[in-house]
There are 2 protein chains.
Amino acid sequence: MAKATIDDVAALAGVSMKTVSRVVNKEPNVRGSTRDKVQAAIDELDYRPSQSARSLAANRSYVLGLLYDNPSASYVIDVQDGALTTCRRSGYDLLIHPCKRDAAELLAEVLGLVRQGRVDGLILTPPLSDMAELVQALVNADIPFVRLSPTEHKEACPYVQTNDQEAAYDMTCRLIELGHQHIGFIIGHPDHRAVTQRYAGYVAALKENDLTLDKSLVVQGYNSFDSGRDCARQLLSLSERPSAIFASNDDMAAGVIIEAHHRGIVMPAELSVAGFDDTPVAHQIYPSLTTVRQPIAEMAAKAVELLLKQLKGKSVQMPAAIMSCRILERESTGKVKP
Amino acid sequence: MAKATIDDVAALAGVSMKTVSRVVNKEPNVRGSTRDKVQAAIDELDYRPSQSARSLAANRSYVLGLLYDNPSASYVIDVQDGALTTCRRSGYDLLIHPCKRDAAELLAEVLGLVRQGRVDGLILTPPLSDMAELVQALVNADIPFVRLSPTEHKEACPYVQTNDQEAAYDMTCRLIELGHQHIGFIIGHPDHRAVTQRYAGYVAALKENDLTLDKSLVVQGYNSFDSGRDCARQLLSLSERPSAIFASNDDMAAGVIIEAHHRGIVMPAELSVAGFDDTPVAHQIYPSLTTVRQPIAEMAAKAVELLLKQLKGKSVQMPAAIMSCRILERESTGKVKP
DNA sequence: TTGAAAGCGCTAACAT
DNA sequence: ATGTTAGCGCTTTCAA
């Protein structure tokens, strides 16, 4: 049996092609009995609408593109899962498109994706969310897109973010509450503005608690485990060693923990460590890592929702959403040694 | 400027539509000068072929589907990366399709994906590679697909795998060489046959070295960190504690390491631990984990290559590839205490 | 509430 | 080496 087309269904149901189309697309203005008749024909023939014919005629692909540049594996997976949840409910598919933010062809590549009609819209994750050039190009080309955790140009285009700066503030306050006065901080990769901004929360918390900001306790990391370990080497070699270290992400915090182990430093008795992101390593490490969980999947699901709204032309008034982080206290933090 | 079509390009270049099509698709039998003329017109108009028109006319989507059911995040990311490498070289896109292997609609869903023309072929990862029902349905429906690390029906359809059973054998031999006589083993999730089969390597190595297989040293895990920790509780509570534990994957091995830490067991002095997969946690943990690395991305790239060959009708004789694992010795294993 | 006709922009098959 | 002719299977007008 060759695969059935819309004409076959129409013939079998004794209606026009257009009526079948209406039933398939759940459009209104079809009598119940007609709908049933058509549905029966669809079932009998096991009819599946051709995606490409639909796309060509309707001039949309029913596919969304997910753009990312090398965030952590667990982040990408969570984003994909969340995005797919909403996509599937709406009959959309998800095309993944990892890319290099410094590639010369990046812009052409991304614009091509849309102009070729491969995708109807885009989701941007950090650090791409903050590539002004890319954002501007998308706006100029009138391409629908939503950004996750952007830090800039928020007035211009829809986005979804968390209150993670506030969470960094809270985490720092918690460490202070535990008696820590010398708290080391590891800043994130300069290109990942969403991550580096966590530093502001740390600074604000120190200020709020009348602690001086000691620049020798603040070091620049690059989001990787190895860079975290390098930073730990610096911090743990100081004559006056910090009693706690707060890293801007879990991978770097894991680097701190490993370096501390190698120096025979007992955690949390002699050193408290906190991270950010709640990646898998956070609970697979010893001691398990106190960290902050962002609702990544939910954010991505929300982003897709906003994007689909845009595609339907229902341009939302303030197309943005802010979601909440949660601090998870585990074994790696504790009261400062008296 | 409205977007250019193939007719616009043909008109500007002063050739027929078909010639433009030939240039775009890099078909042979076009004179160099003609090709240049057409290319110039394409550049001038910034012409991008419509994906949906191509798909409809050619009856192929130029998209491949990646099916998976909940393997680890790092595994999925590696597979995606590898698959995309080959896809992009060939002008294909990748659609991701996570699914539940016990979902009633799984088959209909997957078949629908192909029958709707959303994808031209599929890549299956474990444990889906070993779902006989799914594999059979794909074969019956004459859908092109390639499996990663299948353990069954290998005569029937193309696949890519590694010599991981051999690697498990080698790893066990290495532990024995280090003086270990009592080696605990944690079996993988029963549904993941590719993982459970590593047990065979362990058994073979014991036999080869004239060690008796002590069933109390073999416990059933479920691939997760938590299950690994549970298994470790069992093994480390034995009156005659193993001096080494080999887990069928890294997540479970991480569970062993954490449980050992909590019991004050020093590694590797008092306990050696080995894992499998070289996931990120393997080097983010203390002590860093001795494990086996499979070339996941390369396997996926190869799988796509085989799939594309199938799509081009060049049915390869024995469409299968076997790739090599590598043992990585890190800090978690050492000589047995005298 | 339903239908008829006209493409969407390409590729395939067959000329030339 | 290049061109001509037909569709691919839908959605979108517009009409009834």
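Reckoned from all heavy atoms, side chains included, excluding hydrogens, waters and symmetry mates. Throughout, a chain's letter reflects where its sequence line sits, starting with A, and its residues are numbered from 1.
Of the listed nucleotides (C:dT2, D:dG7, D:dG9), D:dG7 has the atom at the smallest distance from the side chain of B:Ala57. Closest to the B:Leu56 side chain, of the nucleotides C:dC10, C:dA6, D:dC8, is D:dC8. Distances were taken from every side-chain heavy atom of B:Lys18 (C-beta onward) to each of C:dT2, D:dT4, D:dT2; the shortest belongs to D:dT4. Of the candidate nucleotides C:dT2, C:dG9, D:dT11, D:dT11 has the atom nearest to the side chain of A:Arg54. Set against D:dT2, C:dT11, C:dG9, the side chain of B:Met17 has C:dT11 as its closest nucleotide.
Of the charged side-chain nitrogens involved, at least one lies within less than 4.0 Å of a carboxylate oxygen, so that B:Asp69 and B:Arg101 count as a salt-bridged pair.
Nucleotide D:dC8 holds its C1' atom 14 Å from the CD1 atom of A:Ile6, rounded to whole Å. A:Asn59 places its CG atom 12 Å from the C1' atom of D:dT12, with the value rounded to the nearest Å. Rounded to whole angstrom, the span from the CZ atom of A:Arg22 across to the P atom of D:dC14 amounts to 14 Å. Atom CD in B:Glu27 sits about 7 Å away from atom P in C:dA12, given to the nearest Å.
Closest approach of B:Ala132 to B:His153, counting heavy atoms only: CB-NE2, 4.0 Å.
With hydrogens and angles ignored, no donor-acceptor pair under 3.5 angstrom links the side chain of A:Arg31 to the base of C:dT2.
Among the atoms of the strands shown, only primed sugar atoms or phosphate atoms (P, OP1, OP2) are found under 4.0 Å from some heavy atom of B:Thr34. Within the 4.0 angstrom heavy-atom criterion, only backbone atoms of the sugar-phosphate kind lie near B:Asn25; the bases stay farther away. Contacts of B:Asn29 with the nucleic acid, taken as non-hydrogen atoms under 4.0 Å apart, include base atoms.
When each of A:Ala53 and B:Gly32 is assigned the nucleotide of DNA chain D with its nearest heavy atom, B:Gly32 is the one assigned upstream, toward the 5' end.
With B:Asp93 contributing its side chain and B:Val63 its backbone, the two residues share no donor-acceptor pair below 3.5 Å.
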